[in-house]
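Worksheet: one structure, shown below.
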Protein chains: 2
Amino acid sequence: MPVNNYYSITEMTREFGVSTRTLRFYEDEGLIHPERRGRTRLYRQADRRLIAEILRGRRIGFTIAEIREIIQVYSQPPGEIGQLKLLMKRIDEKRDDLRQKRKDIEDTLTELDHIEEACIGRLAEIGVGT
Amino acid sequence: MPVNNYYSITEMTREFGVSTRTLRFYEDEGLIHPERRGRTRLYRQADRRLIAEILRGRRIGFTIAEIREIIQVYSQPPGEIGQLKLLMKRIDEKRDDLRQKRKDIEDTLTELDHIEEACIGRLAEIGVGT
DNA sequence: CGCGAAATTGACTTTGACGTAAAAGTCAAT
DNA sequence: ATTGACTTTTACGTCAAAGTCAATTTCGCG
């Protein structure tokens, strides 16, 4: 249970199924910045949302650097025009990458369907004899 | 160009954009088994298809072990009933995993859309003053 | 206050997926 | 026979993303 709207690090680890080491690692990498009371980390709603986003990126296969990039864009939209255009180009690239990945996933899903069908057929075959 | 329906290793690397090291690594890991003429590897259509599948798995984020599993299922459908059921369970799990990944990707795609919109807005703002 | 559980830190290790470098073999063409 | 372009094998290196461990600190609470 959160105390005073703050979550301890172990509460976070339980919620997200990651280790404390992982959370500290993300902090070292500049992805999250929990508050401190003394040396103890205190996590809040904003941190929870951020962590959820980080883990989503991780599941997709983004590197820490890529995740950091996306996060930074959110918190600090670049002011310079060249940077903005560069950013948009990188967004486009990432989008293409994701679309490819989605297609790969869909292809693999139908492939899994085929495999399962084969299994069912095989089971029926064998099952007859039992 | 393939000679006599055989492809050399560098032809494969060019086609798939991977290194020779990678192809040999996949062979060491038991994913592919190109023929040999003497010590030289010769790749064929079947190998090409397999490699395409391996790389698709890689893009999705499967480990070598997972890829190997899927491949083995194809080449050797298990005959024992318990193994078949186990396999189907693992397929179900993998499918859930992929569906989650697809959702993650879709969420991230719309997030990227938002970010890009913000960029466009920002560009319009700034662009006015130039 | 005192004590045990929880948290922090730093250093070291591990794992997966290749990269890289060295030394030697293959083969076609000059 | 030599050159040059590929290949092969072996072995060590690397890089990201944590895991592990040990030595402190700090917190909650009786």
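Because the structure is a prediction, the values reported are computed rather than measured. Throughout, protein chains are lettered first and strands after them, A, B, ... in sequence-line order, and every chain is numbered starting at 1.
Residues A:L109 and B:R102 are in side-chain contact: their nearest non-hydrogen atoms beyond the backbone lie under 4.5 Å apart. The closest side-chain heavy-atom distance from A:Y43 to A:E11 is not below 4.5 Å. Between B:D97 and B:K101, some side-chain heavy-atom pair lies under the 4.5 Å cut-off.
Rounded to an integer number of Å, the gap from CE of B:M12 to P of D:dT8 is 12 Å.
Residues B:E29 and B:R68 are paired through a salt bridge, judged by an N-O separation under 4.0 Å between the basic side chain and the carboxylate. Between A:E106 and A:K103 there is no salt bridge, since no side-chain N of the basic residue sits under 4.0 Å from a carboxylate O of the acidic one. Between B:R90 and B:E93 there is a salt bridge, since at least one side-chain N of the basic residue sits less than 4.0 Å from a carboxylate O of the acidic one. Using a cut-off of 4.0 Å between Lys/Arg side-chain N and Asp/Glu carboxylate O, A:E116 and B:K89 are scored as not salt-bridged.
Residue-level contact check: B:S19 touches the backbone only, with heavy atoms under 4.0 Å from sugar-phosphate atoms and none from bases.
For the segment residues 51-62 of chain A, the set of residues with a heavy atom within less than 4.0 Å of an atom of DNA chain C is empty. For DNA chain C, the neighbouring residues in residues 24-50 of chain B, judged by any heavy atom under 4.0 Å, are B:F25, B:Y26.
Evaluation of the salt bridge (Lys or Arg N to Asp or Glu O under 4.0 Å) rule for A:R99 yields A:D96 as partners, not counting sequence neighbours. Here B:D104 pairs with A:R59 under the salt bridge (Lys or Arg N to Asp or Glu O under 4.0 Å) rule; sequence neighbours left out.
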Represent DNA chain C in dot-bracket notation, 5' to 3'. Only Watson-Crick or G-U wobble pairs with both distances under 3.5 Å count; pseudoknot-style crossings use [ ] and interstrand partners use |.
||||||||||||||||||||||||||||||
For nucleotides 2-6 of chain C, which of its nitrogen or oxygen atoms have a protein nitrogen or oxygen under 3.5 Å away, and what is each distance?
none

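When distances are taken from the side chain of B:T63 to each of C:dA17, C:dT20, D:dA18, the shortest belongs to C:dA17.
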